[in-house]
Novice: 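Sending over a structure as structure tokens; questions will come in a sec.
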Amino acid sequence: MMIPLRTAVVGFGFMGKTHAANILRSDVMTLSAIVDRSPDAIGQAMAGNLDTGSFDPKVLSSVRQYTDWEECLEKEGLDLAYICVHTSKHCEMAMKALRKGLHVFIEKPFVLDVAEGEALIEEARRQQWKIGVAHVVRFMPAYVRLMELYHEEMYGALKFLSLTRFSGIPHWGEWEKRRQDFGSSGGALFDLLIHDIDYVYYLLGKPDRIESRCLPGALSLHDYVSAFWHYEGRDRMVKVEGGNTFHARLPFEAGFRAVFERASVTWSSGNARELYVADDVSLQTIALPDAGEGYRDEGTYFARCILNDTYPETCSAESSLETVRLCHQHIR
């Protein structure tokens with residue numbers, strides 16, 4: 001029987017709470033500590049652009065709470081740290097964990113500065129610890145099913161893939177401060193569209209050429225992106241579009257449309273439990289598990305890679321860093 005990994009969540013905002021909820025339900029991790037500079041973070045309600053589940057704060061009564069990460073590292077005997085702070089602090093917080101002997105799971109985007117990502121990967125190799133990055137779309141049921149259809153060629157070869165991801169300008173947590181610190185978050189490109197950029201890279205590999213148009217918003221010069229990915233020598237094209245240049249109350253929406261030789265496959269977050277497959281004579285509906293299970297699955301996968309000492313291929317830092325490089329290509 002595996003001994004659960006003693007885990008700390010660093011940064012207890014929306015994503016920190018999301019991961020904590022899944023750690024609390026896990027049989028391979030136990031939530032040992034929470035770190036947030038605000039001592040009131042635990043009692044604050046979850047607020048984000050989609051429902052990722054929730055929990056009663058009372059269940060955290062036995063979890064140690066810290067406002068300082070270094071103090072937590074000194075006092076707790078930890079195995080794993082979830083880094084859920086602002087992206088600008090990812091490298092600093094993760095490096096402290098690695099040097100203290102912990103494995104690290106980092107919220108996306110991994111980093112904005114490629115050099116920081118390279119430094120973290122090198123440190124992890126030197127210390128022989130593992131880094132995973134939370135690109136949850138790779139684990140969400142609809143996108144998992146699309147990848148299966150692609151590899152199985154059930155409907156023939158993939159000809160065209162369109163992915164979209166839109167939201168209103170975020171106004172919860174520290175997002176108002178990020179408007180004042182223009183560009184520090186990476187904007188919609190690195191915070192929102194990175195999901196689809198990462199998924200296409202995971203599914204199809206790097207394109208030969210990216211044709212991109214970006215528009216500014218309240219957070220960065222690339223808060224709306226429309227891009228075509230070209231794969232030379234192959235009868236295939238991909239479009240990625242989305243952003244948060246809309247008013248705050250606009251509902252979040254993500255989805256894809258894939259055109260195979262013999263059928264078209266479509267999915268939308270507005271009806272997340274169903275995937276549609278259409279040909280010229282029929283429309284088939286495929287039932288899906290809840291999309292929120294992706295958050296549980298990504299954490300369980302990484303924890304099992306640690307416990308089994310296997311390379312975390314599906315959420316590796318090396319793969320995530322390539323995604324960051326691809327994001328930068330959209331604004332060159």
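What you see is a predicted model; the values in this text were computed from it and never measured.
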Novice: Between F166 and F246, does the ring centroid distance fall short of 6.0 Å?
Specialist: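 Yes.
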
Novice: State whether the side chain of R273 and the backbone N or O of L288 hold a donor-acceptor pair below 3.5 Å, judged by distance alone.
Specialist: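 Present.
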
Novice: What's the separation between atom CG in L102 and atom CD in E76, rounded to the nearest 0.5 Å?
Specialist: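 Going from CG on L102 over to CD on E76, the span is 10.5 Å.
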
Novice: Is atom CZ of R145 surrounded by more than 12 heavy atoms (other residues, nucleotides or ligands) closer than 6.0 Å?
Specialist: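 Count over threshold, so yes.
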
Novice: Can you name the nearest heavy-atom pair linking H330 to L189, along with the distance?
Specialist: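 H330 and L189 have their closest heavy atoms at CB-CD1, 4.2 Å.
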
Novice: Within a strict 4.5 Å, meaning less than it, do heavy atoms of the C327 and L193 side chains meet?
Specialist: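 When only atoms from C-beta onward are counted, L193 and C327 do not touch, as no gap falls below 4.5 Å.
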
Novice: I'd like to know if the side chain of T67 and the backbone of R37 have a donor-acceptor N/O pair within less than 3.5 Å.
Specialist: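 No; judged by distance alone, with no hydrogens or angles, the pair does not exist.
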
Novice: Distance-only, no hydrogens or angles: does the D223 side chain make a donor-acceptor pair with backbone N or O of A188 under 3.5 Å?
Specialist: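 Checked: pair present.
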
Novice: More than 12 heavy atoms of other residues, nucleotides or ligands under 6.0 Å from CD of E232: yes or no?
Specialist: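 Enclosed: over 12 neighbouring heavy atoms sit under 6.0 Å from CD of E232.
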
Novice: What closest approach, in Å, do D36 and G13 show between heavy atoms, and which atom pair accounts for it?
Specialist: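 Taking D36 first and G13 second, the nearest heavy atoms are OD2-N, 4.3 Å.
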
Novice: Any side-chain heavy-atom pair from Y295 and T300 closer than 4.5 angstrom?
Specialist: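 Not in contact.
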
Novice: A side-chain contact here means heavy atoms from C-beta on lying under 4.5 Å apart; do Y150 and L204 qualify?
Specialist: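 Yes, at least one pair of side-chain atoms sits under 4.5 Å.
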
Novice: Can you check whether R6's main-chain N or O pairs, donor with acceptor, with D79's side chain at less than 3.5 Å?
Specialist: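 Yes, D79 side chain to R6 backbone: donor-acceptor pair under 3.5 Å.
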
Novice: With a sphere of 6.0 Å drawn around CZ of R213, does it hold more than 12 non-hydrogen atoms of other residues, nucleotides or ligands?
Specialist: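 Result for CZ/R213: open.
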
Novice: Is there side-chain contact between L146 and L161, with at least one heavy-atom pair below 4.5 Å?
Specialist: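 The answer is yes; the side chains approach within 4.5 Å.
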
Novice: Is a salt bridge present between D309 and K130, judged by a nitrogen-to-oxygen distance below 4.0 Å?
Specialist: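 Looking at K130 together with D309, the answer is yes, because their closest N to O distance falls below 4.0 Å.
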
Novice: Starting from the C-alpha separation in whole Å, work towards a yes-or-no answer on side chain to side chain donor-acceptor pair (under 3.5 Å) for S319 and R138.
Specialist: CA-CA 12 Å; S319 175; R138 294 189 180 196; 2.6 Å; yes

Novice: With a 4.0 Å cut-off, would you call E74 and K100 a salt bridge?
Specialist: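 Salt bridge flag = yes for K100 with E74.
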
Novice: Are any of the side-chain heavy atoms of I34 and L60 separated by less than 4.5 Å?
Specialist: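 Side-chain contact under 4.5 Å: yes.
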
Novice: Given H103 and I131, is the side chain to side chain contact (heavy atoms under 4.5 Å, CB included) satisfied, shown in steps?
Specialist: CA-CA 6 Å; H103 304 281; I131 302 180; over 6 Å; no

Novice: Assert yes or no for the condition that the ring centre distance of Y143 to F256 is strictly below 6.0 Å.
Specialist: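 Between F256 and Y143, which both carry aromatic rings, the centre distance is below 6.0 Å.
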
Novice: Within the 4.5 Å heavy-atom criterion, are L158 and V259 side-chain neighbours or not?
Specialist: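 A side-chain contact is absent here, since even the closest heavy-atom pair is not under 4.5 Å.
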
Novice: Minimum heavy-atom separation for G168 to N244, with atom names?
Specialist: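 So the minimum-distance heavy-atom pair works out to O-CB, 3.8 Å.
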
Novice: Can you find a side-chain donor-acceptor pair between E241 and Y224 that sits under 3.5 Å?
Specialist: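 Yes, side-chain donor-acceptor contact under 3.5 Å.
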
Novice: Would you call the rings of H19 and F105 parallel, tilted or perpendicular if under 30° counts as parallel and over 60° as perpendicular?
Specialist: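 Judged by the thresholds at 30° and 60°, the geometry between H19 and F105 is perpendicular.
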
Novice: Between G205 and Y231, what is the shortest heavy-atom contact and its length?
Specialist: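 What the structure gives for the nearest pair is O-OH, 2.8 Å.
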
Novice: By the rule that ILVMFWY residues connect when side-chain heavy atoms come within less than 4.5 angstrom, directly or transitively, which residues belong alongside V281?
Specialist: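 Same cluster as V281: nobody, lone residue.
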
Novice: Are E318 and V133 packed together at the side-chain level, in the sense that at least one heavy-atom pair is separated by less than 4.5 angstrom?
Specialist: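 E318 does not reach V133 side chain to side chain.
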
Novice: Distance check, rounded to the nearest 0.5 Å: K89 atom NZ versus I83 atom CD1?
Specialist: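 CD1 of I83 is found 12.5 Å from NZ of K89.
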
Novice: Pair E116, H90 - check side chain to side chain donor-acceptor pair (under 3.5 Å), show working.
Specialist: CA-CA 9 Å; E116 289 187 346; H90 281 185; over 6 Å; no

Novice: For P216, what residues pass the side-chain contact (heavy atoms from CB on, under 4.5 Å) criterion, not counting sequence neighbours?
Specialist: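 In terms of side-chain contact (heavy atoms from CB on, under 4.5 Å), with neighbours along the sequence ignored, P216 is linked to L221.
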
Novice: Do any N or O atoms from the side chain of W129 and from the backbone of V104 form a donor-acceptor pair under 3.5 angstrom?
Specialist: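 Such a contact is absent between W129 side chain and V104 backbone.
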
Novice: Checking T7 now: which residues fulfil side chain to side chain donor-acceptor pair (under 3.5 Å) with it, not counting sequence neighbours?
Specialist: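 For T7, no residue satisfies side chain to side chain donor-acceptor pair (under 3.5 Å) once neighbours in sequence are set aside.
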
Novice: Should the pair E71-K75 be classified as a salt bridge under the 4.0 Å nitrogen-to-oxygen rule?
Specialist: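 Counted as a salt bridge, because a side-chain N and a carboxylate O are separated by less than 4.0 Å.
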
Novice: Just wondering, are more than 12 heavy atoms of other shown residues or ligands nearer than 6.0 Å to CD in E148?
Specialist: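 Enclosed: over 12 neighbouring heavy atoms sit under 6.0 Å from CD of E148.
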
Novice: Does atom NE2 of H247 have more than 12 heavy-atom neighbours, drawn from other residues, nucleotides or ligands, at distances under 6.0 Å?
Specialist: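 Open.
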
Novice: Between Y276 and T285, does any side-chain donor sit less than 3.5 Å from a side-chain acceptor?
Specialist: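 Their side chains do not contain a donor-acceptor pair, so the 3.5 Å distance test is not met.
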
Novice: Just checking Y201 against H135, ring centres under 6.0 Å apart?
Specialist: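 Not under 6.0 Å, so no.
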
Novice: Within the distance-only criterion (no hydrogens, no angle test), does the side chain of R257 pair as donor or acceptor with the backbone N or O of F160 below 3.5 angstrom?
Specialist: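 The answer is no, because no donor-acceptor pair under 3.5 Å joins these two groups.
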
Novice: Using every non-hydrogen atom in the two residues, find where W267 and A272 come nearest and quote the distance to one decimal.
Specialist: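 Scanning both residues completely, I find the closest heavy atoms to be NE1-O, 3.0 Å.
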
Novice: Can you find a pair of side-chain heavy atoms, one from C91 and one from L120, that are under 4.5 Å apart?
Specialist: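 Of all side-chain heavy-atom pairs linking L120 with C91, at least one is under 4.5 Å.
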
Novice: Take V85 and W69 through the side chain to side chain contact (heavy atoms under 4.5 Å, CB included) test and state the conclusion after the steps.
Specialist: CA-CA 11 Å; V85 295; W69 183 210; over 6 Å; no

Novice: State whether the number of non-hydrogen atoms from other residues, nucleotides or ligands found under 6.0 Å of N308 atom CG is greater than 12.
Specialist: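 More than 12 within 6.0 Å, yes.
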
Novice: Heavy atoms only: give me the nearest G294-V136 pair and the separation to one decimal.
Specialist: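 Shortest heavy-atom separation between G294 and V136 comes out as C-CG2, 3.5 Å.
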
Novice: Looking just at side-chain N and O atoms, do Y155 and D279 make a donor-acceptor pair shorter than 3.5 Å?
Specialist: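 Distance-only check fails for Y155 and D279.
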
Novice: Apply the side-chain hydrogen bond (donor to acceptor under 3.5 Å, both in side chains) test between R325 and each candidate in E322, H328, Q329; give the one that qualifies.
Specialist: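 With R325 as partner, side-chain hydrogen bond (donor to acceptor under 3.5 Å, both in side chains) holds for just one option, E322.
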
